[in-house]
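In what follows, chains carry the letters A, B, and so on, assigned in the order in which the sequence lines appear, proteins first and then strands, with residues in each chain numbered from 1.
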2 protein chains.
Amino acid sequence: MSQDPRDRTPELPVTSYALLGLLTFGDELTGYELKQRADNTLRFYWVAPAMSQIYTELGRLTEHGYVEPVTTQGGARRTTSYRITAAGSTALRAWIDESRVGFPTLKHTVLLRLLIGHASEPDRMRAILEDYVAELAGALRDLRDVRDSLRGADGPGEPFHYPSVVADWGLDYFAAETRHTRRALARLADVAP
Amino acid sequence: MSQDPRDRTPELPVTSYALLGLLTFGDELTGYELKQRADNTLRFYWVAPAMSQIYTELGRLTEHGYVEPVTTQGGARRTTSYRITAAGSTALRAWIDESRVGFPTLKHTVLLRLLIGHASEPDRMRAILEDYVAELAGALRDLRDVRDSLRGADGPGEPFHYPSVVADWGLDYFAAETRHTRRALARLADVAP
DNA sequence: ACAGCCATGTAACTCGTTACATGATTAC
DNA sequence: GTAATCATGTAACGAGTTACATGGCTGT
(Lines give C-alpha, C1' and ligand atoms only; values in the text may rest on other atoms or scores of the structure.)
Protein backbone atom coordinates (compact mmCIF):
# COMPACT_ATOMS: atom_id res chain seq x y z
CA MET A 1 0.00 0.00 0.00
CA SER A 2 0.82 3.67 -0.16
CA GLN A 3 2.29 3.61 -3.66
CA ASP A 4 0.29 6.65 -4.67
CA PRO A 5 2.68 9.55 -4.23
CA ARG A 6 -0.24 11.65 -3.05
CA ASP A 7 -0.51 9.35 -0.05
CA ARG A 8 2.72 10.57 1.47
CA THR A 9 2.16 12.67 4.53
CA PRO A 10 2.20 16.29 3.55
CA GLU A 11 4.88 18.39 5.17
CA LEU A 12 2.36 20.60 6.87
CA PRO A 13 -1.07 20.29 8.43
CA VAL A 14 -3.89 21.59 6.27
CA THR A 15 -4.57 24.53 8.57
CA SER A 16 -1.04 25.70 7.90
CA TYR A 17 -1.77 25.85 4.18
CA ALA A 18 -5.06 27.56 4.90
CA LEU A 19 -3.29 30.33 6.76
CA LEU A 20 -0.62 30.50 4.10
CA GLY A 21 -3.42 30.93 1.61
CA LEU A 22 -4.77 33.91 3.51
CA LEU A 23 -1.40 35.57 2.97
CA THR A 24 -1.71 35.36 -0.82
CA PHE A 25 -4.08 38.30 -1.09
CA GLY A 26 -1.38 40.89 -1.20
CA ASP A 27 -0.91 42.08 2.34
CA GLU A 28 1.33 41.31 5.28
CA LEU A 29 -0.59 40.28 8.35
CA THR A 30 0.11 39.87 12.04
CA GLY A 31 -1.02 36.78 13.88
CA TYR A 32 -3.83 38.80 15.32
CA GLU A 33 -5.01 40.04 11.94
CA LEU A 34 -4.74 36.54 10.54
CA LYS A 35 -7.07 35.39 13.27
CA GLN A 36 -9.61 38.03 12.25
CA ARG A 37 -9.45 37.00 8.61
CA ALA A 38 -9.83 33.38 9.58
CA ASP A 39 -12.84 34.21 11.73
CA ASN A 40 -14.32 36.10 8.83
CA THR A 41 -14.05 33.61 6.02
CA LEU A 42 -12.19 30.46 6.92
CA ARG A 43 -14.52 29.66 9.80
CA PHE A 44 -17.36 28.89 7.41
CA TYR A 45 -15.45 26.31 5.39
CA TRP A 46 -12.65 25.15 7.55
CA VAL A 47 -12.01 26.22 11.13
CA ALA A 48 -11.55 29.25 13.26
CA PRO A 49 -8.20 28.32 14.78
CA ALA A 50 -7.38 29.48 18.31
CA MET A 51 -4.90 32.36 18.57
CA SER A 52 -2.36 30.04 20.10
CA GLN A 53 -2.54 27.78 17.10
CA ILE A 54 -2.11 30.61 14.68
CA TYR A 55 1.17 31.48 16.34
CA THR A 56 2.17 27.84 16.29
CA GLU A 57 1.48 27.59 12.57
CA LEU A 58 3.27 30.85 11.86
CA GLY A 59 6.32 29.44 13.63
CA ARG A 60 6.11 26.31 11.55
CA LEU A 61 5.68 28.24 8.31
CA THR A 62 8.64 30.42 9.20
CA GLU A 63 10.85 27.38 9.90
CA HIS A 64 10.00 26.05 6.47
CA GLY A 65 10.78 29.41 4.91
CA TYR A 66 7.24 29.72 3.57
CA VAL A 67 6.65 33.02 5.32
CA GLU A 68 8.92 35.83 6.37
CA PRO A 69 8.45 37.74 9.61
CA VAL A 70 8.59 41.50 9.29
CA THR A 71 9.10 42.98 12.73
CA THR A 72 8.04 46.54 13.35
CA GLN A 73 9.13 48.53 16.36
CA GLY A 74 6.29 50.97 16.95
CA GLY A 75 7.43 52.75 20.09
CA ALA A 76 7.57 50.34 23.03
CA ARG A 77 5.49 47.86 21.13
CA ARG A 78 6.81 45.28 18.77
CA THR A 79 4.54 43.69 16.22
CA THR A 80 5.43 41.04 13.71
CA SER A 81 3.75 40.83 10.35
CA TYR A 82 4.18 37.92 8.02
CA ARG A 83 4.65 37.91 4.29
CA ILE A 84 4.50 34.85 2.04
CA THR A 85 7.79 34.00 0.32
CA ALA A 86 8.44 32.64 -3.16
CA ALA A 87 9.06 29.25 -1.59
CA GLY A 88 5.75 29.62 0.20
CA SER A 89 3.88 30.30 -3.04
CA THR A 90 5.50 27.29 -4.65
CA ALA A 91 4.63 25.07 -1.71
CA LEU A 92 1.06 26.29 -1.65
CA ARG A 93 0.66 25.71 -5.35
CA ALA A 94 2.13 22.23 -4.99
CA TRP A 95 -0.28 21.50 -2.17
CA ILE A 96 -3.29 22.61 -4.17
CA ASP A 97 -2.18 20.68 -7.23
CA GLU A 98 -0.92 17.49 -5.66
CA SER A 99 -2.45 16.84 -2.28
CA ARG A 100 -5.36 14.46 -2.04
CA VAL A 101 -8.50 16.51 -1.68
CA GLY A 102 -10.62 13.96 0.13
CA PHE A 103 -14.25 14.36 1.06
CA PRO A 104 -15.48 17.23 3.23
CA THR A 105 -16.10 16.39 6.84
CA LEU A 106 -19.22 17.50 8.60
CA LYS A 107 -19.62 17.55 12.36
CA HIS A 108 -23.29 18.24 12.45
CA THR A 109 -24.17 18.77 16.09
CA VAL A 110 -27.85 19.11 15.19
CA LEU A 111 -28.23 16.07 12.95
CA LEU A 112 -26.32 13.94 15.44
CA ARG A 113 -28.92 14.72 18.10
CA LEU A 114 -31.79 14.34 15.68
CA LEU A 115 -30.54 10.89 14.72
CA ILE A 116 -31.14 9.69 18.26
CA GLY A 117 -34.16 11.90 18.81
CA HIS A 118 -36.15 8.96 20.16
CA ALA A 119 -33.95 9.12 23.26
CA SER A 120 -35.55 12.44 24.18
CA GLU A 121 -38.81 14.29 23.50
CA PRO A 122 -40.15 15.72 20.24
CA ASP A 123 -40.40 19.11 21.92
CA ARG A 124 -36.68 19.13 22.58
CA MET A 125 -35.96 18.20 18.99
CA ARG A 126 -38.17 20.99 17.74
CA ALA A 127 -36.44 23.47 20.02
CA ILE A 128 -33.03 22.37 18.75
CA LEU A 129 -34.14 22.76 15.15
CA GLU A 130 -35.66 26.16 15.77
CA ASP A 131 -32.50 27.39 17.48
CA TYR A 132 -30.57 26.15 14.51
CA VAL A 133 -32.73 28.11 12.09
CA ALA A 134 -32.02 31.24 14.14
CA GLU A 135 -28.29 30.60 14.15
CA LEU A 136 -28.34 29.97 10.43
CA ALA A 137 -29.92 33.38 9.95
CA GLY A 138 -27.01 34.89 11.87
CA ALA A 139 -24.46 33.02 9.79
CA LEU A 140 -26.22 34.18 6.63
CA ARG A 141 -26.06 37.80 7.80
CA ASP A 142 -22.36 37.56 8.59
CA LEU A 143 -21.53 35.86 5.36
CA ARG A 144 -23.58 38.32 3.35
CA ASP A 145 -21.52 41.13 4.83
CA VAL A 146 -18.33 39.35 3.85
CA ARG A 147 -19.65 38.75 0.37
CA ASP A 148 -20.63 42.40 -0.03
CA SER A 149 -17.18 43.51 1.07
CA LEU A 150 -15.74 41.67 -1.93
CA ARG A 151 -17.73 43.61 -4.50
CA GLY A 152 -15.73 45.70 -6.89
CA ALA A 153 -12.95 43.16 -7.25
CA ASP A 154 -14.96 39.97 -7.68
CA GLY A 155 -15.08 39.63 -11.44
CA PRO A 156 -13.27 36.90 -13.38
CA GLY A 157 -9.54 37.48 -13.11
CA GLU A 158 -9.90 39.95 -10.28
CA PRO A 159 -8.31 39.30 -6.86
CA PHE A 160 -11.50 38.33 -5.07
CA HIS A 161 -13.09 36.26 -7.80
CA TYR A 162 -12.52 32.90 -6.12
CA PRO A 163 -13.46 34.18 -2.67
CA SER A 164 -16.68 35.54 -4.12
CA VAL A 165 -17.53 32.22 -5.76
CA VAL A 166 -16.90 30.56 -2.41
CA ALA A 167 -18.94 33.14 -0.50
CA ASP A 168 -21.89 32.68 -2.87
CA TRP A 169 -21.60 28.94 -2.43
CA GLY A 170 -21.67 29.50 1.32
CA LEU A 171 -24.80 31.63 1.03
CA ASP A 172 -26.50 28.93 -1.02
CA TYR A 173 -25.30 26.38 1.50
CA PHE A 174 -26.84 28.11 4.50
CA ALA A 175 -30.03 28.83 2.60
CA ALA A 176 -30.31 25.15 1.71
CA GLU A 177 -29.57 24.16 5.28
CA THR A 178 -32.38 26.43 6.45
CA ARG A 179 -34.79 24.70 4.06
CA HIS A 180 -33.69 21.26 5.23
CA THR A 181 -34.24 22.25 8.84
CA ARG A 182 -37.70 23.59 8.06
CA ARG A 183 -38.51 20.40 6.24
CA ALA A 184 -37.48 18.32 9.23
CA LEU A 185 -39.56 20.55 11.49
CA ALA A 186 -42.56 19.98 9.25
CA ARG A 187 -42.09 16.24 9.48
CA LEU A 188 -41.85 16.36 13.25
CA ALA A 189 -45.04 18.39 13.30
CA ASP A 190 -46.78 15.47 11.57
CA VAL A 191 -46.06 13.38 14.65
CA ALA A 192 -47.46 15.70 17.32
CA PRO A 193 -49.11 18.88 16.04
CA MET B 1 -17.85 33.68 33.08
CA SER B 2 -19.15 30.10 32.93
CA GLN B 3 -22.29 30.75 34.99
CA ASP B 4 -24.37 28.95 32.42
CA PRO B 5 -24.65 25.42 33.77
CA ARG B 6 -24.53 24.16 30.19
CA ASP B 7 -21.00 25.49 29.96
CA ARG B 8 -19.63 22.91 32.33
CA THR B 9 -17.48 20.38 30.56
CA PRO B 10 -19.55 17.35 29.76
CA GLU B 11 -18.35 14.14 31.30
CA LEU B 12 -17.77 12.52 27.96
CA PRO B 13 -16.60 13.48 24.50
CA VAL B 14 -19.39 13.84 21.97
CA THR B 15 -18.29 10.78 20.02
CA SER B 16 -18.89 8.76 23.15
CA TYR B 17 -22.51 9.90 23.22
CA ALA B 18 -22.79 9.24 19.52
CA LEU B 19 -21.77 5.62 20.02
CA LEU B 20 -23.99 5.34 23.05
CA GLY B 21 -26.80 6.58 20.82
CA LEU B 22 -26.16 3.79 18.34
CA LEU B 23 -26.84 1.34 21.16
CA THR B 24 -30.35 2.70 21.72
CA PHE B 25 -31.86 0.91 18.76
CA GLY B 26 -32.50 -2.27 20.63
CA ASP B 27 -29.53 -4.52 19.96
CA GLU B 28 -26.29 -5.37 21.66
CA LEU B 29 -23.27 -4.68 19.48
CA THR B 30 -19.61 -5.58 19.47
CA GLY B 31 -17.00 -2.92 18.86
CA TYR B 32 -16.64 -4.26 15.38
CA GLU B 33 -20.36 -4.02 14.64
CA LEU B 34 -20.47 -0.56 16.15
CA LYS B 35 -17.80 0.46 13.70
CA GLN B 36 -19.92 -0.78 10.83
CA ARG B 37 -22.96 1.11 12.03
CA ALA B 38 -20.90 4.24 12.45
CA ASP B 39 -19.51 3.86 8.94
CA ASN B 40 -23.01 3.48 7.65
CA THR B 41 -24.77 6.41 9.19
CA LEU B 42 -22.67 8.39 11.62
CA ARG B 43 -20.00 9.07 9.05
CA PHE B 44 -22.29 11.37 7.10
CA TYR B 45 -23.10 13.66 10.01
CA TRP B 46 -20.37 13.18 12.50
CA VAL B 47 -17.32 10.99 12.04
CA ALA B 48 -16.27 7.50 11.18
CA PRO B 49 -14.17 6.78 14.25
CA ALA B 50 -11.17 4.47 13.97
CA MET B 51 -11.57 1.00 15.44
CA SER B 52 -9.11 1.83 18.14
CA GLN B 53 -11.16 4.78 19.23
CA ILE B 54 -14.32 2.77 19.37
CA TYR B 55 -12.69 0.42 21.85
CA THR B 56 -11.40 3.39 23.80
CA GLU B 57 -14.88 4.89 24.01
CA LEU B 58 -16.42 1.56 24.94
CA GLY B 59 -13.94 1.34 27.80
CA ARG B 60 -14.86 4.81 28.90
CA LEU B 61 -18.59 4.13 28.67
CA THR B 62 -18.13 0.93 30.67
CA GLU B 63 -16.20 2.78 33.40
CA HIS B 64 -19.06 5.22 33.70
CA GLY B 65 -21.53 2.37 33.85
CA TYR B 66 -23.32 3.61 30.74
CA VAL B 67 -22.85 0.34 28.91
CA GLU B 68 -22.52 -3.24 30.05
CA PRO B 69 -20.19 -5.71 28.39
CA VAL B 70 -21.72 -9.07 27.56
CA THR B 71 -18.95 -11.52 26.92
CA THR B 72 -19.65 -14.56 24.83
CA GLN B 73 -17.38 -17.55 24.66
CA GLY B 74 -17.97 -18.99 21.24
CA GLY B 75 -15.50 -21.85 21.16
CA ALA B 76 -11.94 -20.56 21.26
CA ARG B 77 -13.12 -17.09 20.42
CA ARG B 78 -14.33 -14.51 22.86
CA THR B 79 -16.46 -11.63 21.69
CA THR B 80 -17.82 -8.83 23.79
CA SER B 81 -21.09 -7.16 22.97
CA TYR B 82 -22.25 -4.01 24.69
CA ARG B 83 -25.69 -3.13 25.92
CA ILE B 84 -26.78 0.31 27.09
CA THR B 85 -27.70 0.48 30.79
CA ALA B 86 -30.45 2.48 32.49
CA ALA B 87 -27.76 4.90 33.68
CA GLY B 88 -26.60 5.15 30.08
CA SER B 89 -30.08 6.04 28.84
CA THR B 90 -30.40 8.68 31.53
CA ALA B 91 -27.00 10.16 30.69
CA LEU B 92 -27.78 10.20 26.99
CA ARG B 93 -31.09 11.89 27.58
CA ALA B 94 -29.43 14.46 29.83
CA TRP B 95 -26.83 15.11 27.18
CA ILE B 96 -29.42 15.66 24.46
CA ASP B 97 -31.52 17.87 26.70
CA GLU B 98 -28.85 19.91 28.42
CA SER B 99 -25.64 20.04 26.45
CA ARG B 100 -24.99 23.10 24.36
CA VAL B 101 -25.68 22.16 20.76
CA GLY B 102 -23.36 24.65 19.09
CA PHE B 103 -23.06 25.24 15.39
CA PRO B 104 -22.12 22.45 12.98
CA THR B 105 -18.53 22.42 11.86
CA LEU B 106 -17.61 21.96 8.26
CA LYS B 107 -14.16 20.99 7.08
CA HIS B 108 -14.70 21.56 3.43
CA THR B 109 -11.57 20.37 1.68
CA VAL B 110 -12.96 21.53 -1.67
CA LEU B 111 -14.09 25.03 -0.70
CA LEU B 112 -10.84 25.62 1.15
CA ARG B 113 -8.92 25.06 -2.07
CA LEU B 114 -11.37 27.00 -4.15
CA LEU B 115 -11.00 29.97 -1.81
CA ILE B 116 -7.36 30.27 -2.79
CA GLY B 117 -7.89 29.14 -6.35
CA HIS B 118 -5.91 32.08 -7.68
CA ALA B 119 -2.80 30.35 -6.31
CA SER B 120 -3.23 27.61 -8.96
CA GLU B 121 -4.85 27.22 -12.36
CA PRO B 122 -8.54 27.28 -13.32
CA ASP B 123 -8.09 23.83 -14.85
CA ARG B 124 -7.06 22.40 -11.54
CA MET B 125 -10.03 23.98 -9.82
CA ARG B 126 -12.38 22.56 -12.41
CA ALA B 127 -10.86 19.11 -11.97
CA ILE B 128 -11.29 19.33 -8.19
CA LEU B 129 -14.92 20.34 -8.56
CA GLU B 130 -15.64 17.60 -11.08
CA ASP B 131 -14.09 14.98 -8.83
CA TYR B 132 -16.23 16.28 -6.03
CA VAL B 133 -19.41 15.90 -8.08
CA ALA B 134 -18.45 12.28 -8.72
CA GLU B 135 -17.80 11.61 -5.05
CA LEU B 136 -21.09 13.22 -4.13
CA ALA B 137 -22.84 10.81 -6.45
CA GLY B 138 -21.21 7.96 -4.57
CA ALA B 139 -22.25 9.37 -1.22
CA LEU B 140 -25.79 9.78 -2.51
CA ARG B 141 -25.87 6.17 -3.62
CA ASP B 142 -24.62 4.92 -0.26
CA LEU B 143 -27.01 7.07 1.70
CA ARG B 144 -29.94 6.10 -0.48
CA ASP B 145 -29.22 2.46 0.36
CA VAL B 146 -29.19 3.30 4.04
CA ARG B 147 -32.41 5.23 3.71
CA ASP B 148 -34.10 2.39 1.87
CA SER B 149 -33.05 -0.04 4.57
CA LEU B 150 -35.09 1.97 7.07
CA ARG B 151 -38.36 1.60 5.20
CA GLY B 152 -41.06 -0.28 7.02
CA ALA B 153 -40.23 1.20 10.41
CA ASP B 154 -39.81 4.85 9.49
CA GLY B 155 -43.25 6.23 10.28
CA PRO B 156 -43.95 8.65 13.13
CA GLY B 157 -43.47 6.82 16.41
CA GLU B 158 -41.68 3.91 14.79
CA PRO B 159 -38.07 3.02 15.74
CA PHE B 160 -36.45 4.43 12.63
CA HIS B 161 -38.48 7.60 12.30
CA TYR B 162 -35.74 9.95 13.40
CA PRO B 163 -33.03 8.16 11.43
CA SER B 164 -35.21 8.39 8.34
CA VAL B 165 -35.73 12.12 8.83
CA VAL B 166 -31.98 12.48 9.15
CA ALA B 167 -31.30 10.31 6.12
CA ASP B 168 -33.69 12.35 3.99
CA TRP B 169 -32.00 15.51 5.21
CA GLY B 170 -28.68 14.00 4.19
CA LEU B 171 -30.01 13.17 0.73
CA ASP B 172 -31.23 16.74 0.33
CA TYR B 173 -27.90 17.94 1.62
CA PHE B 174 -25.85 16.06 -0.95
CA ALA B 175 -28.22 17.00 -3.72
CA ALA B 176 -27.87 20.66 -2.78
CA GLU B 177 -24.12 20.30 -2.56
CA THR B 178 -24.10 18.87 -6.07
CA ARG B 179 -26.04 21.88 -7.36
CA HIS B 180 -23.67 24.29 -5.61
CA THR B 181 -20.69 22.58 -7.15
CA ARG B 182 -22.25 22.74 -10.60
CA ARG B 183 -23.00 26.39 -10.09
CA ALA B 184 -19.38 27.09 -9.18
CA LEU B 185 -18.25 25.14 -12.24
CA ALA B 186 -20.49 27.27 -14.42
CA ARG B 187 -18.99 30.43 -12.97
CA LEU B 188 -15.47 29.19 -13.59
CA ALA B 189 -16.47 28.41 -17.15
CA ASP B 190 -17.32 32.09 -17.59
CA VAL B 191 -13.65 32.85 -17.02
CA ALA B 192 -12.09 30.51 -19.52
CA PRO B 193 -14.53 28.54 -21.66
C1' DA C 1 -8.86 55.82 35.43
C1' DC C 2 -10.57 52.07 33.23
C1' DA C 3 -12.48 49.13 29.73
C1' DG C 4 -11.75 47.07 25.59
C1' DC C 5 -9.01 45.96 21.99
C1' DC C 6 -4.32 44.80 20.04
C1' DA C 7 -0.63 41.59 20.38
C1' DT C 8 2.18 37.52 21.66
C1' DG C 9 3.21 33.62 23.63
C1' DT C 10 3.63 28.97 26.98
C1' DA C 11 1.77 24.75 29.28
C1' DA C 12 -1.21 21.13 30.00
C1' DC C 13 -4.32 18.33 28.07
C1' DT C 14 -7.63 15.62 25.03
C1' DC C 15 -9.39 13.75 21.01
C1' DG C 16 -8.50 11.10 17.43
C1' DT C 17 -5.32 9.07 14.03
C1' DT C 18 -1.95 5.63 12.14
C1' DA C 19 0.92 1.81 12.85
C1' DC C 20 1.61 -2.30 15.05
C1' DA C 21 0.32 -6.81 16.93
C1' DT C 22 -2.48 -10.92 17.40
C1' DG C 23 -5.49 -14.45 16.43
C1' DA C 24 -10.21 -16.92 15.17
C1' DT C 25 -13.70 -17.92 11.69
C1' DT C 26 -15.65 -18.30 7.08
C1' DA C 27 -15.82 -18.75 2.10
C1' DC C 28 -13.68 -20.27 -1.95
C1' DG D 1 -4.69 -23.63 1.96
C1' DT D 2 -5.34 -19.08 1.80
C1' DA D 3 -7.69 -14.74 1.52
C1' DA D 4 -11.15 -12.01 3.48
C1' DT D 5 -13.61 -10.88 7.28
C1' DC D 6 -14.39 -10.83 12.28
C1' DA D 7 -12.52 -9.31 16.54
C1' DT D 8 -9.65 -6.89 20.02
C1' DG D 9 -6.40 -4.33 21.63
C1' DT D 10 -1.61 -1.20 22.58
C1' DA D 11 1.71 2.57 21.53
C1' DA D 12 3.28 6.65 19.54
C1' DC D 13 2.03 10.74 17.89
C1' DG D 14 -0.17 15.12 16.15
C1' DA D 15 -3.52 18.67 15.76
C1' DG D 16 -5.99 21.66 18.17
C1' DT D 17 -8.15 23.26 22.51
C1' DT D 18 -8.42 25.84 27.02
C1' DA D 19 -6.17 28.14 30.62
C1' DC D 20 -2.70 31.03 31.93
C1' DA D 21 0.44 35.02 31.63
C1' DT D 22 1.96 39.46 29.98
C1' DG D 23 1.75 44.03 28.46
C1' DG D 24 0.90 48.14 25.08
C1' DC D 25 -2.46 51.16 22.93
C1' DT D 26 -7.02 53.74 22.40
C1' DG D 27 -11.26 55.84 23.39
C1' DT D 28 -14.22 57.79 26.90
Worksheet item: In residues 52-63 of chain B, what residues come within less than 4.0 Å of DNA chain D, judged by heavy atoms?
Response: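 Here the set is B:S52, B:Y55.
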
Worksheet item: Salt bridge between A:R179 and B:D172, side-chain N to carboxylate O under 4.0 Å?
Response: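 Salt bridge between A:R179 and B:D172, a charged N being under 4.0 Å from a carboxylate O: no.
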
Worksheet item: Hey, is A:R60 close enough to A:E57 for a salt bridge, meaning N to O under 4.0 Å?
Response: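 Answer for the salt bridge query: yes.
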
Worksheet item: What's the verdict on side chain to side chain contact (heavy atoms under 4.5 Å, CB included) for A:D168 and B:R187, showing C-alpha distance, side-chain angles and the deciding distance?
Response: CA-CA 11 Å; A:D168 285 333; B:R187 284 185 65 180; 2.5 Å; yes

Discussion item. Taking any atom closer than 4.0 angstrom to a non-hydrogen atom of chain A, what span of DNA chain D does the protein reach, first nucleotide to last?
Written reply: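 That gives a stretch of D:dA15 to D:dC25.
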
Worksheet item: Quick one: side chain to side chain contact (heavy atoms under 4.5 Å, CB included) partners of B:T30, sequence neighbours excluded?
Response: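 If we apply the side chain to side chain contact (heavy atoms under 4.5 Å, CB included) test to B:T30, skipping adjacent residues, the hits are B:Y32, B:E33, B:S81.
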
Item to complete: Return no unless some side-chain N or O of B:T15 is found under 4.0 Å from OP1 or OP2 of C:dG16.
Response: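 Checking B:T15 against C:dG16: at least one side-chain N or O falls below 4.0 Å of OP1 or OP2.
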
Fill in: Given DNA chain C, 5'-ward residue of the pair A:K107 and A:S81, judged by closest heavy atom
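Closer to the 5' end of DNA chain C: A:S81.
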
Fill in: d(CZ, B:R78; C1', C:dT25) in whole Å
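About 15 Å, once rounded to whole Å.
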
Discussion item. In whole Å, I'd like the distance from the NZ atom of B:K35 to the C1' atom of C:dT18.
Written reply: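 That distance rounds to 12 Å.
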
Practice prompt. Using heavy atoms to find the nearest nucleotide of DNA chain D for A:V47 and B:T30 separately, return the residue whose nucleotide is more 5′.
Written response: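 The residue mapped nearer the 5' terminus is B:T30.
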
Worksheet item: Taking atom CZ of B:R141 as the centre, does the number of heavy atoms from other residues, nucleotides or ligands within less than 6.0 Å exceed 12?
Response: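 Counting other residues, nucleotides and ligands, CZ of B:R141 stays at 12 neighbours or fewer.
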
Restricting both atoms to N or O, compile the protein contacts to nucleotides 4-6 of chain C shorter than 3.5 Å, with distance only.
| from | atom 1 | to | atom 2 | distance (Å) |
| --- | --- | --- | --- | --- |
| C:dC6 | OP2 | A:Y32 | OH | 2.8 |
| C:dC6 | O2 | A:R77 | NH2 | 2.5 |

Fill in: Rounded to 10 degrees, the angle between the two terminal axes of the helix from C:dA1-D:dT28 to C:dC28-D:dG1, each from five pairs
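Comparing the axis at each end, I get an angle of 30°.
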
Only distances under 3.5 Å count here; give the side-chain donor-acceptor pairs of residues 114-122 of chain B to other protein atoms, sequence neighbours excluded, each with its distance to 0.1 Å.
| from | atom 1 | to | atom 2 | distance (Å) |
| --- | --- | --- | --- | --- |
| B:H118 | NE2 | A:T24 | O | 3.4 |
| B:H118 | NE2 | A:T24 | OG1 | 2.9 |
| B:S120 | OG | A:D97 | OD1 | 2.6 |

